[in-house]
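Keep in mind the model is a prediction, meaning the values are calculated, not measured.
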Amino acid sequence: MLHNSPLSHEFESGLSDTEEARAKESAGYLARRDLFARGMESERVEHKSRRTVVRESAERISLSKRIHENEEYHKRLNEDSLMHTPEFVIKPRSHTVWEKQCVRLHCTISGWPEPRVVWYKNNVSIDPMAKPGKYKVESSYSVHALEINKCDFDDTAQYRVSAMNSKGETSAFASVVVKRFKGEVDESLPSPRLPPCLEYGVKFETHIVEKFGVSFGLEGETLSFGCSVIIYPSLQRFQPEIEWYRDDKLLVPSKWVQMHWSGDRATLTLSHLNKEDEGLYTLRVITKSGFETHSAYVFVRDGDAEVAGAPGAPLDVHSLDANKDYVIISWKQPAVDGGSPILGYFVDRCEVGMTHWAQCNDTPVKFARFPVTGLVEGRSYVFRVRAVNKAGMSHPSRVSEPVDAMDPADRTRKGTSAPWTGQIIVTEEEPVEGVVPGRPCDLSVIEATKNYVVLSWKPPGDKGHEGVMYYVEKCVSGTDSWQRVNTEIPVKSPRFALFDLAEGKSYRFRVRCCNSAGVGEPSEPTEATTVGDKLDIPSAPGRVVPTRNTDTSVVVSWEAWPKLVCVSGTDSWQRVNTEIPVKSPRFALFDLAEGKSYRFRVRCCNSAGVGEPSEPTEATTVGDKLGGNGVELTQHSSCGVGRHAAPHSPADTPLTHIANVSERVEGGGQNTDHKGHPTALNEGKQGKSASQQEPEPACGQETAKQVANSCTELLEPNCSQKESATELPDSHGITVLECVRDAMVLAWKQPTFIGGADITGYFVDYREVIGGVPGKWHEANIKSVSERAYRVSELKENMLYQFQVRAANMAGVGIPSLPSETFKCEEWTIAVPGPPHDLQVQEVRKDSLVLLWKPPVYQGRDAVNGYYIDIKEADADFEMWRGVNEKATDKTFKKDLKEGESYVFRVRAQNKAGVGKASDPTEPVEAVTKPGTAEIVVNVDDDGVISLNFECSNLTADSKFVWSKNYMEMTEPERMTLETKGNKSKAIFKTPSEEDLGIYSCFVTHTDGASASYTLSEESEFIDLFHFYIHDHKFPIIPLKTELAVELLEKGRVRFWLQAEKISANGKVEYVFNDNVVHQGEKYKMNFDKNTGTIEMFMESLGKEDEGTFTFQLQDGKATNQSSLVLIGDVFKQLQKESEFQKKEWIRKQGPHFVEYLGYEVTPECCVRLKCKVANMKKDSVALWYKDGREIKVNEKLDFSEGVLTLEIAQISKKDAGIYEVVLKDDRGKDTSTLNLTDQGFKDLMNQVFSVIANSSTPLKIQSTEEGIRLYTFVMYWKCLIVMFFTDRARVAGGLPDVVTIQEGKSLNLTCNIWGDPVPEVTWLKNEREMVSNDHYILKFESGKFASFTITSVSTSDSGKYSILVKNKYGTESGDFTVSVFIPDEEPGRVRTWC
């Protein structure tokens, strides 16, 4: 065993303790030294690396700065080459969005200088500040955007963005279409955001989780739903604001609606569900940093009726009008009628605080409105309504809000209600002694139904301090037997409902007032009112047209009728829109069974009730779409189920979408699923961009079948496969009217069959043809065009194109026409005009017809100066075309046709270059006079009224009479009145004259061409009729010598007058002001001198109320005339001002007054004389002179004999300046005249004085002195010598040497002083040539005194003679010096000098 001893340790290490310690110390030192050395080296490397990085960064910054400065420098040098007009790199795209959503239009624009961008809506500029929050315009890095918040129907428009700079302007267009949908809002689209507002120094982030989806409830149940809300960061002191909305209306807590917020969850509870609770519910969580929303739809199923087949409960019971003892209650019809018509309604009332309900009517009322009478004044009531049909009674409706039975005027003084009785405490004034009240006024019938009549009136003005009550009386029209209706108790309200009136009879009504003092006089009776003639159930609409839309939807259209409409299905008829009637004559139904057939009918409704249904349509098969796959129209989720789809007008986007459907048929179509939606195989290959497709609303977690079951929709009938009888039109005959490099103008013929309704517009499609292979169809116009001509733009030059056209009417868009011929897009350069177009044939008779056309679009080199008409038999060869006219003409009439023969026509246009291409021929026209053809007849009645009359025997329901003059349609004729009754129409001349000569024609639409014309010319019988009937019988006129005029008389009186040439003793005059007859009185004085025919009206003065039109209406037997004078605006103000002035002048002249006001004159002796002319002075009249308010004492006694007052000022000076005043006064009045001789007035006076002095001066003499040029003269007055010195001529005061010697390469600077007033002009010369300042020669003139001359880096070429030339209006002076430049190597004596 080995022990651990010191000896053994030394043996093991081989070192002693001292040596080992020394070795350890040395090793530690070396280690520390190496570590320190490495640290220093690392620090040096790090320091060097940091310094290198900083230097490199600085170099990069410097290089970038130099590059930027270089670019800016070159831009300034060559700005013109960089400037260019604005260009759209990315154009804005069109969008189709749902109502209440947001849309954002954006584009990218390049241009230099940076363009100014403006957004327009329908060509009206958009001002974001005008509607804060509605529009938001942004521009950043050439990207410009327009954001529209909460879109509504008014936002449907064409938007234009315009970019403009100094080089030009360009624009781009995009359309926004807003559609109505009562479904869940698509959260993927942007919503308006409030600007971020920080609170507590943080920004809150709001997240809505565990969202509620589409909910379903049953009437009478309680429904709760809500969302969890997470707000980060979470602050205990901060709580968000929670708001609930139904159909965008803010909800408030009530008996039926309870809201709860637990701090992290918002809950809404709907108690006792009703159909009124159905709608789109929105939760809004508001913080100071913005808000978040979530929306979903709530459906309410109809509850089970107590009796099978009974109707649903009425909806929306509310008060229309309330007064002391009656209330008019209104409501909406039930959503479900139970399968049989509703026979009527019962109204119940209950006092607030009570539980007993009392029925108000013994028999059912048919209208959805009822006046409840017999109420106790001052109490509050609630109401409910029950519907009844042959099966039984419905559940009662939800009760109304409390209604106070009191005078509306007392509501402002209403006190605290008794909490248990509903009685209202009203403070009344203490009655005083009674006065019998006056007559009620403004009595009228505000409502008349088959069951009752409601009267309304206003209380009398003189009813005294005591309240009044009323008695109502009635009588049958045609009699004078008045009966009091409320014989026992007078009514307190100015309204009254009368029952038990005989339906169909006419009544008149009147009202009397009464109080404790007695019964007043009756009011003026009403006009005769027939019971049931004001409010009635509407009749059935007509022309219901179903349009096959997509695989699962149908669009139903009908003729527009007043009020609202509802849509129904067939066999087991069920209403489609159960909640809200639609207001447009168009409705879309979705989620129908594909392949099955349906029939439809429509009912109209108003406040009286629901009318009879229309005739059912023919069966329409769902899925047999028009024009191919309607991709855009199929993108509707099942949550809509046709219930809330908005109706569309004929020119709205759905027609455009249907038009796009048709182009997909020609382009090859696309794959769709069984419901018409595009499948993934063809995604991205659709003909329209995503922005143009209709958005698809989200619908929560429910399936389509669940929604359909909850919302009772129409059921299919017998499922017959019969096609609809209504077809859509097609269009044809496409021709090119004009062609430029990138556009073509097309024209086409009207369809031969228009589908039973007027054509509302056309859609044009085009496609390229490359190598004989047609491409894909593209739409040329988004909105339909009404004319049968359209310019297709943005085409490619020298490319081949084909076109097709589709026509649209109220039922939809027709199938496209066959593709046109292939046309090449190249600019026409021919000199002759293009073809005329739109040929129409009217007034076809057995031997004549009228041919109309429109001029060519392409005029050629010169304007069109005439047309040639060609004709041939319809079955003749092409070579048989022959001309009708030998010379070019613009007439449209053709005669000498062969009866029974069919003809075709064409037209060619001519200009100076020649005859152009012929138009397309018309359709064959048979020359035959059809049975029942009528002509226009001129008629003059007994009153001398001349009219043109036309009768058509084969009118249709859509036919209209169209009148034209010279074959130009008269839409709103100024000289005629158009009247149409039944199958007759007349054009009545208002004031016939020679201006009415021309060709008048009438055309009847929707017939087989019924038309006729009549020519009124100098040779026609019209002229004789005009002179005989108009001048001699109907329109006798009192001739006037002068028209109505106005003049001012003494005292400011106003005289209106005119003079008739001749008037009999029976002549009458009415004086009219602003359509009101005025009579002789204090204000107006009239005078009518029948001997001279002078008619006068006098007014003492004119006030503001006298502004308007004055008219004198004359009548002498049957002869009449009138003359008017309009005094408004500046004309009236000027006349009023002059009248007031004349009145003041007359008052002033009653006492001493000035005839000529104070003025002055300068006498030849150079004295200033102040003078004025006065009149009407007496001995005690006083004239006082004042200067600056102080009286001037006149030495001599004033003499008024000549009527002139004078004051002389000799040797006038500045101290005589001031304001002079003369005052005339005595016991009759006072007059004042003032003369201002200060500032400019005194200067003008002195100028006249100096003029007199100057005229007395001796001839001017000139003398040169040491001080300058001396001009002097002697004047007669003031004996003075006038001397003028001119010492301010331009001079060089010194500072320039004679010779300057300077070494080459140096800089030379010379400065000299300049003197002169005005400041002289300075010019530098070198060798007698003018110099211009530049970088080498720097020429300066500073402060108008110092001129400097600098040469930078002198060279031998700078040697020479230099001069400075100074000049002003008093003279010119120059200074010269010589510059010599020498080279340093040369000897000083050898200096190079150039002179």
**Q** Any chance NZ of Lys136 has more than 12 other-residue heavy atoms, nucleotides or ligands included, within less than 6.0 Å?
**A**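 Not more than 12 within 6.0 Å, no.
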**Q** In Å, rounded to the nearest 0.5 Å, how long is the span from CZ of Arg160 to OG of Ser175?
**A**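 Output value for this atom pair is 13.0 Å.
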**Q** Should the ring pair Tyr766 and His778 be called parallel, tilted or perpendicular, given that the plane angle runs from 0 to 90° and is split at 30 and 60?
**A**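 Plane angle between 30° and 60°, so tilted.
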**Q** Around atom OH of Tyr232, are there more than 12 heavy atoms of other residues, nucleotides or ligands at under 6.0 Å?
**A**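 Check fails, neighbour count at 12 or below.
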**Q** Charged N to carboxylate O below 4.0 Å: is that the case for Arg791 and Glu738?
**A**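 Looking at Glu738 together with Arg791, the answer is yes, because their closest N to O distance falls below 4.0 Å.
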**Q** In terms of relative ring orientation, are Tyr1362 and Tyr1337 parallel, tilted or perpendicular, with 30° and 60° separating the classes?
**A**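 Aromatic pair Tyr1362/Tyr1337 classed tilted.
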**Q** Taking atom CD as the centre, does Glu797 end up with more than 12 heavy-atom neighbours from other residues, nucleotides or ligands that are less than 6.0 angstrom away?
**A**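 Correct, the count exceeds 12.
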**Q** Given side chain to side chain donor-acceptor pair (under 3.5 Å), test Asp1358 with His1336 step by step and report yes or no.
**A** CA-CA 10 Å; Asp1358 295 323; His1336 186 59; 3.1 Å; yes
**Q** Using 4.0 Å as the upper bound for N to carboxylate O, is an ion pair formed by Asp155 and Lys121?
**A**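 Salt bridge between Lys121 and Asp155, a charged N being under 4.0 Å from a carboxylate O: yes.
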**Q** Any carboxylate oxygen within less than 4.0 angstrom of a Lys/Arg side-chain nitrogen, looking at Glu241 and Arg284?
**A**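 Here Glu241 does not pair with Arg284 in a salt bridge, since their nearest N and O are not under 4.0 Å apart.
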**Q** Evaluate the side-chain proximity of Tyr135 to Trp119: yes if any heavy-atom separation is below 4.5 Å, no if none is.
**A**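 Of all side-chain heavy-atom pairs linking Tyr135 with Trp119, none is under 4.5 Å.
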**Q** Please determine whether a side-chain nitrogen of the Lys or Arg among Arg104 and Glu138 lies less than 4.0 Å from a carboxylate oxygen of the Asp or Glu.
**A**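 Here Arg104 pairs with Glu138 in a salt bridge, since their nearest N and O are under 4.0 Å apart.
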**Q** So Ser1355 and Glu1304, side chain to side chain donor-acceptor pair (under 3.5 Å) or not? Walk me through it.
**A** CA-CA 5 Å; Ser1355 64; Glu1304 186 178 28; 5.4 Å; no
**Q** Determine whether Glu169 and Ser162 satisfy the following criterion, side chain to side chain donor-acceptor pair (under 3.5 Å), listing intermediate values before the conclusion.
**A** CA-CA 7 Å; Glu169 181 182 7; Ser162 175; 2.5 Å; yes
**Q** Inspect the surroundings of NZ in Lys1326 and state if more than 12 heavy atoms from other residues, nucleotides or ligands are less than 6.0 Å away.
**A**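 Counting neighbours around NZ of Lys1326, more than 12 heavy atoms of other residues, nucleotides or ligands fall under 6.0 Å, so yes.
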**Q** For Tyr801 and Val769, which heavy atoms make the closest approach, and how far apart are they?
**A**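 Scanning both residues, the minimum pair turns out to be C-CG2, 4.4 Å.
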**Q** Between Tyr790 (side chain only) and Ala780 (backbone N and O only), is there a donor and an acceptor less than 3.5 Å apart?
**A**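 Flag set: sc Tyr790 to bb Ala780 pair under 3.5 Å.
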**Q** Step by step, work out the salt bridge (Lys or Arg N to Asp or Glu O under 4.0 Å) result for Lys100 and Asp152.
**A** CA-CA 6 Å; Lys100 303 301 180 184; Asp152 53 30; over 6 Å; no
